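Heads up: the structure comes next, in structure tokens.
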Amino acid sequence: IGLAVQSALAVPKLQPRRTSILINPDAQPDLPSPQNARFTGVTPAIGGLNLNDIQGDILIGMKKKKELFFFFSITDAATFKSKLSSDIKPFITSTNQLLSSSTQPITAVNIAFSQAGLTALGVSDNLDDDAFTNGQFANAAKLGDAGTTNWVSGFAGTKIHGVFLLASDTVDNVDNELANLQNILGCSISEIHRLAGAARPGDQEGHEHFGYMDGISQPAIEGFTQNVSDGLGTVAPGELLVGETGDSLQSSRPSWATGGSFLVFRQLQQMVPEFNKFVANNALSIPGLSQQENEDLFGARLFGRWKSGAPIDLAPLRDDVDLAKNSSRNNNFTFNHPEIPKFTLASNQTNCPFSAHIRKTRPRADLGSDNTTHHHIMRAGIPYGPEVTDAEAYAQQSSTDPALERGLAFVAYQSNIAQGFEFMQEQWVNNANFIFGKPTPPGVDPIIGRVPGSAADTPRNVSGTDPLNPSKQFSLDVEFVVSRGGEYFFSPPISALSSV
Ligand code: HEM
């Protein structure tokens, strides 16, 4: 088992980072996607992190217009191990390689292993993460999935040993790189499942399938993220990276795992026509706003951001594209803005409902200090599947044709799955009483929340969405996001690839 070398001296001199990638994609033709938002304001200064060893997707995200998730099982461990340490390792893209324009590969590759995969490779060290050890299939009920009948068969059980993440500008690049890897590994692996992600076309690039800009808000990392402008402070690197400062289990993690991170993968299908219909049917009736504006406001209040990405906490009445493009303002809010309520209500959810997706998943000042909640994840997902067809839009219903499945290939990194993704999904998103102590329970997260143990079509109630009547309950009788399953992985430091 190799040791992750903790040396900032090895870090090469890097180009200054640009600061407006997410915010104005058009102005950054080479980094056009908000999936690249984490390139924003990142410095190589590094706080003791070995950026040559940390896989690139974890802290800053691989640049991607296309991304392929290739899930495999290991059929010949001895051959696989030998190829991994010799021929595959050089393919794996580090954080430093992504940061430096001179070392960025055309196609970036990362790799991660499930517990079953580490076992297959003979790794006996316990990474001290029960969720990872159990695998996602065993924890499906805990996450609120309506059973596992909707799960892609490959995710059922613990068949998957590992995943390659391949990111590039074109499908051809990604496919070629996969062919290179498969060529090297030969019959030592077999494919279990693959999912091809792609940024949405045209002006929807960077927006998820419901139409909202994604990839905006990420935790700022102490000693690593520059220009922290969200007023939320920083989180310790150990909240995202195993074995680093701030990892509460640092002492029980094997040293070779330092700088690695647990990768939560979820294939989340999105029912887009159904969502659009729901939003249109529930348009608000705020005086002075047009029908369309009232509809848009309803949708924005489900998310907490407008489709442009502007936060409703700062733009509570109408979308504000200038705000959306302003990187120093767009994430600079805490939900604690009593000075600018646009609605005359004695509640601090006038600007943003307690139930809004971004408030349920990151309550900011609602819990005191954001950076002390210890429930942070770094997201690195990408949409998958085709655009809505005319027939689906007309029928206001998603096709049952599997070829038309669309959604989010959800990827989240953290040093502790129980405290990161699972806590968020179970204790916040699926908990109708969270945010606690409010006169009307906020309800589950309207986008991804589920009433635990319920059937797929069980209505979920959400309150706070109508700012003129915050106790009004909206009943969501369609699941807009359906879990198709996933797996928990460990994304090891690159040095460990030659020693597992
Ligand atoms: C933020 C969409 C699933 C956690 C966002 C944003 C959008 C979005 C549009 C706002 C943009 C941003 O700040 O990046 C979706 C969709 C999902 C989904 C369409 C499913 C198909 C999830 C899941 C989780 C999650 C499963 C975790 C349980 C978060 C977090 C934020 C966020 C932590 C940032 C909140 C903040 O810091 O303000 N999501 N999301 N999302 N989402 Fe999701």
Side-chain angles (χ1 to χ4, degrees), residues 22-23 33-38 40 61 136 142-145 197 200 204 206-220 230-233 235 239-240 264-272 275 299-314 324 327 330-335 352 356-366 370-371 373 375-385 405-414 417 419-431 434 444-450 479-486:
L22 145 74
I23 309 301
S33 161
Q35 265 78 38
N36 299 314
R38 286 175 293 142
T40 305
Q136 198 177 115
K142 188 176 167 166
L143 300 176
D145 285 17
R200 294 188 53 216
Q204 287 303 297
H207 298 242
E208 50 70 45
H209 275 291
F210 294 136
Y212 296 81
M213 182 67 102
D214 204 356
I216 299 171
S217 175
Q218 303 278 15
D230 60 9
L232 295 170
V235 304
E239 290 207 20
L240 305 163
V264 170
F265 184 87
R266 300 269 279 167
Q267 181 169 333
L268 298 174
Q269 181 175 6
Q270 292 179 249
M271 314 307 277
V272 179
F275 176 83
R301 288 181 68 88
L302 298 179
F303 274 94
R305 287 188 186 267
W306 297 91
K307 286 186 171 172
S308 69
I312 58 171
D313 200 49
L314 301 180
S327 60
N330 194 28
N331 204 26
N332 195 351
F333 61 96
T334 60
F335 300 123
C352 181
H357 176 61
I358 67 161
R359 201 163 183 172
K360 290 286 268 190
T361 54
R362 191 176 194 185
R364 300 184 184 227
D366 288 326
D370 177 76
N371 62 1
T373 66
H375 308 299
H376 292 105
I377 57 174
M378 196 63 105
R379 293 168 300 131
I382 188 166
Y384 72 89
E405 179 185 331
R406 62 186 66 81
L408 180 68
F410 176 81
V411 172
Y413 293 99
Q414 60 256 272
I417 297 174
Q419 290 299 302
F421 165 73
E422 282 200 344
F423 187 96
M424 212 173 260
Q425 184 77 44
E426 202 185 342
Q427 306 293 330
W428 290 349
V429 163
N430 291 350
N431 185 344
F434 186 74
V444 301
D445 180 323
I447 309 303
I448 54 165
R450 295 209 73 263
E479 263 191 289
F480 303 128
V481 171
V482 176
S483 167
R484 306 271 287 133

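Atoms within each ligand, like the ligands themselves, are counted from 1 in listed order. Since this is a predicted model, take the numbers as computed values, not measurements. These values consider heavy atoms only, across backbone and side chains, with no hydrogens, waters or symmetry-generated copies.
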- Message: If I compare all heavy atoms of Gly304 with all of Cys352, which pair ends up nearest, and what's the gap?
- Response: CA-SG, 4.0 Å
- Can you name the nearest heavy-atom pair linking Val444 to Lys360, along with the distance? C-CE, 3.9 Å
Any nitrogen or oxygen of [X], main chain or side chain, under 3.5 Å from a nitrogen or oxygen of ligand 1?
X: Gln425; answer: no
X: Ile216; answer: yes
X: Arg364; answer: yes

- Task: Take Arg450 and Asp145, measure what salt bridge (Lys or Arg N to Asp or Glu O under 4.0 Å) needs, and give me the verdict at the end.
- Result: CA-CA 7 Å; Arg450 295 209 73 263; Asp145 285 17; over 6 Å; no
Considering only protein heavy atoms, which is closest to [atom], and at what distance to one decimal place?
atom: atom 36 (C) of ligand 1; result: Ser217 OG, 3.3 Å
atom: atom 2 (C) of ligand 1; result: Phe303 CE2, 3.7 Å
atom: atom 11 (C) of ligand 1; result: Met213 O, 3.3 Å

- Set of salt bridge (charged side-chain N to carboxylate O under 4.0 Å, His left out) partners for Arg364, sequence neighbours left out: none
- salt bridge (charged side-chain N to carboxylate O under 4.0 Å, His left out) against Asp445, all qualifying residues, sequence neighbours excluded: none
- Any luck finding a side-chain donor-acceptor pair between Glu208 and Gln270 under 3.5 Å? yes
- Strictly by modelled atom types, are Glu239 and Gln419 linked by a side-chain donor-acceptor pair under 3.5 Å? no
- Query: Asn431: what forms a side-chain hydrogen bond (donor to acceptor under 3.5 Å, both in side chains) with it, not counting sequence neighbours?
  - Reply: none
- Check whether any heavy atom of Gly407 sits under 4.0 Å from an atom of ligand 1. no
- Message: Tell me the contacting part of Arg266 for ligand 1: side chain, backbone, both, or neither, using a 4.0 Å heavy-atom threshold, strictly below.
- Response: neither
- So how many protein N, O or S atoms does atom 43 (Fe) of ligand 1 have within less than 2.8 Å? 1
- Note on the structure: Rounding to 0.5 Å, atoms CG (Asp214) and CZ (Arg200) come to a distance of 11.0 Å
- Message: Within ligand 1, which atoms have a heavy atom of Tyr212 less than 4.0 Å away?
- Response: 9 (C)
